[in-house]
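All ligand and atom numbering here is 1-based and tracks the order in the structure.
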Amino acid sequence: MMVDGRPYRTIRVNDDGWSVEIIDQTRLPHRFETVTLRRPEEAAHAIKAMLVRGAPLIGATAAYGLCLALREDASDEAIDRAHALLAGTRPTAVNLRWALDRVRAALRNRPRGERVEAAYACAAAICEEDVAINQAIGRHGLALLEGIAARKPAGEPVNVLTHCNAGWLATVDWGTATAPIYMAHDRGIPVHVWVDETRPRNQGASLTAWELGHHGVDHTVVADNVGGHLMQHGMVDLCIVGTDRTTADGDVANKIGTYLKALAAKDNGVPFYVALPSPTIDWTLRDGLAEIPIEQRDATELTHVSGRGEDGAIRTVVVTPEGSRAANYAFDVTPARLVTGLITERGIAPASREGLARLFPDRAGTADR
Ligand code: MRU
């Protein structure tokens with residue numbers, strides 16, 4: 001997507017042919033800064049400290065993290081060490097393990113001298129596939145927005161509510177939940193996006209609003225608790241959110257608060273869609289509530305808030321009383337029964353074992369292992 005007239009992807013190999021450039025998302029929306037990763041430990045830090053975040057981008061960064069490790073030592077033991085280091089950074093997004101396993105599998109039985117090149121080729125393929133997947137999700141989701149627009153008086157916008165950031169910043173490009181929005185906007189369909197602020201880290205207010213604004217998409221940031229009110233008053237035509245891990249039965253883990261939006265959508269007859277790239281499907285799991293690990297992050301993400309002061313300086317302030325405990329659950333699970341449909345790169349599936357298996361017959365069997 002474009003940043004100040006320049007096309008950008010969230011991750012790329014620098015001109016030196018090996019080091020990796022990322023956008024430091026902890027600086028947005030107030031500063032656009034890039035960071036160069038040269039060591040696997042730096043890639044692991046970038047994921048853990050959320051310089052990069054969003055399931056697909058976490059996977060892509062981890063893949064390049066393995067490449068960086070291989071440059072230092074291409075032995076089997078070193079690969080396993082780097083795999084463990086990177087896999088341990090964040091527990092919920094399954095793309096992390098998927099990408100690491102895929103790169104490691106690409107190296108199996110290769111002589112050491114060929115491993116670095118093979119790893120970079122695999123990481124690049126993961127990135128290219130992510131872009132193609134998101135474009136396909138965009139095309140399938142676009143049909144939903146076109147259908148709603150056709151039923152509305154001419155010129156009235158399609159109101160989409162989204163949670164967290166499942167935009168291009170969370171992927172290599174396009175985003176998952178945002179791809180249909182960008183495509184509709186580019187085709188002249190009026191779209192307005194309700195952007196949940198997404199406490200505690202404010203990925204909606206800081207990242208989704210930033211990228212929609214840069215693309216010229218009309219949007220309004222709302223506090224996390226507003227969505228139910230908007231839906232009760234007919235101000236949301238559909239919800240589209242992303243996911244960090246979806247089980248073979250269609251249960252969806254996504255940023256904390258997604259479940260509450262799905263409940264409100266159900267109660268108000270608002271369609272609730274999840275944009276789901278296939279690498280985010282965990283075919284080995286069925287019951288999301290019981291089986292998906294939910295990340296708990298440092299309580300300071302909740303007790304402290306950062307922002308730009310009137311003088312332009314970034315400040316952090318404390319919002320809770322001294323001595324109060326804070327719990328920071330980063331994700332929740334929305335049961336399949338609350339999901340209207342899963343927008344995948346192969347089409348829109350009902351959120352069910354049968355629905356996913358019909359679109360992905362080549363992969364569905366692994367759920368029974
Ligand atoms: O903690 P984050 O910012 O990595 O969480 C991101 C989300 O929950 C996204 O909605 C999800 O990864 C889908 S991104 C296409």
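With atom 6 (C) of ligand 1 as the reference point, the heavy atom nearest to it among Arg53, His163, Arg245 is part of Arg53. When Arg297, Arg90, Gln203 are checked for heavy-atom proximity to atom 3 (O) of ligand 1, Gln203 turns out nearest.
A salt bridge between Arg104 and Asp80 is present, with a side-chain N of the basic residue lying under 4.0 Å from a carboxylate O of the acidic one. Ion pairing between Lys48 and Glu41 fails under the 4.0 Å rule for side-chain N and carboxylate O. Ion pairing between a basic and an acidic side chain is recognised when a charged N comes within 4.0 Å of a carboxylate O; Arg346 and Asp362 show such pairing. The existence of a salt bridge linking Glu72 and Arg39 is confirmed by a sub-4.0 Å separation between a basic side-chain nitrogen and an acidic carboxylate oxygen. At a threshold of 4.0 Å, the pair Arg297-Glu295 counts as salt-bridged, since one of the basic side-chain nitrogens sits closer than that to a carboxylate oxygen. Between Asp251 and Arg286 there is no salt bridge, since no side-chain nitrogen of the basic residue lies less than 4.0 Å from a carboxylate oxygen of the acidic one.
Counting heavy atoms under 4.0 Å from ligand 1, residue Pro56 touches it through the side chain alone. Contact annotation: for Thr243 versus ligand 1, heavy atoms closer than 4.0 Å belong to the backbone alone. Under 4.0 angstrom from ligand 1, the non-hydrogen atoms of Ala166 come from both its backbone and its side chain.
Of the protein's non-hydrogen atoms, Asp244 OD1, 3.2 Å is the one closest to atom 11 (C) of ligand 1. In this structure, the protein non-hydrogen atom closest to atom 14 (S) of ligand 1 is Ala170 CB, 3.5 Å.
Shown in contact with Met50 at under 4.0 Å from a heavy atom are these atoms of ligand 1, numbered in order with element: 1 (O), 2 (P), 3 (O). Taking every heavy atom of Asn254 and a limit of under 4.0 angstrom, the matching atoms of ligand 1 come to 7 (C), 8 (O), 9 (C), 10 (O), 11 (C). Residue contact check: Lys255 has heavy atoms under 4.0 Å from atoms 1 (O), 2 (P), 5 (O), 8 (O) of ligand 1.
Here's the thing with Ala55: one of its N/O atoms is less than 3.5 angstrom from an N/O atom of ligand 1. For ligand 1, none of its N or O atoms has an N or O atom of Thr176 under 3.5 Å away. Between Gly54 and ligand 1, at least one pair of N/O atoms sits closer than 3.5 Å.
Between Tyr259 and Phe331, the ring centre distance reaches or exceeds 6.0 Å.
The closest approach between any non-hydrogen atom of Cys164 and ligand 1 is below 4.0 Å. Ligand 1 is never approached by Ala330 to a heavy-atom distance shorter than 4.0 Å. Residue Asn165 places a heavy atom under 4.0 Å from ligand 1. Heavy-atom separations between Glu295 and ligand 1 are all 4.0 Å or longer.
Tested against Asp76, the residues Arg115, Arg108, Arg112, Arg110 include a single salt bridge (charged side-chain N to carboxylate O under 4.0 Å, His left out) partner, Arg115. If you run side-chain contact (heavy atoms from CB on, under 4.5 Å) between Asp332 and each of Thr258, Ile294, Val252, only Thr258 comes through.
More than 12 heavy atoms of other shown residues, nucleotides or ligands fall within 6.0 angstrom of atom NE2 in His304.
By the ring-ring contact (aromatic ring centres under 6.0 Å, His included) test, His219 is found to be paired with no residue, residues two or more places apart in sequence or in another chain being considered.
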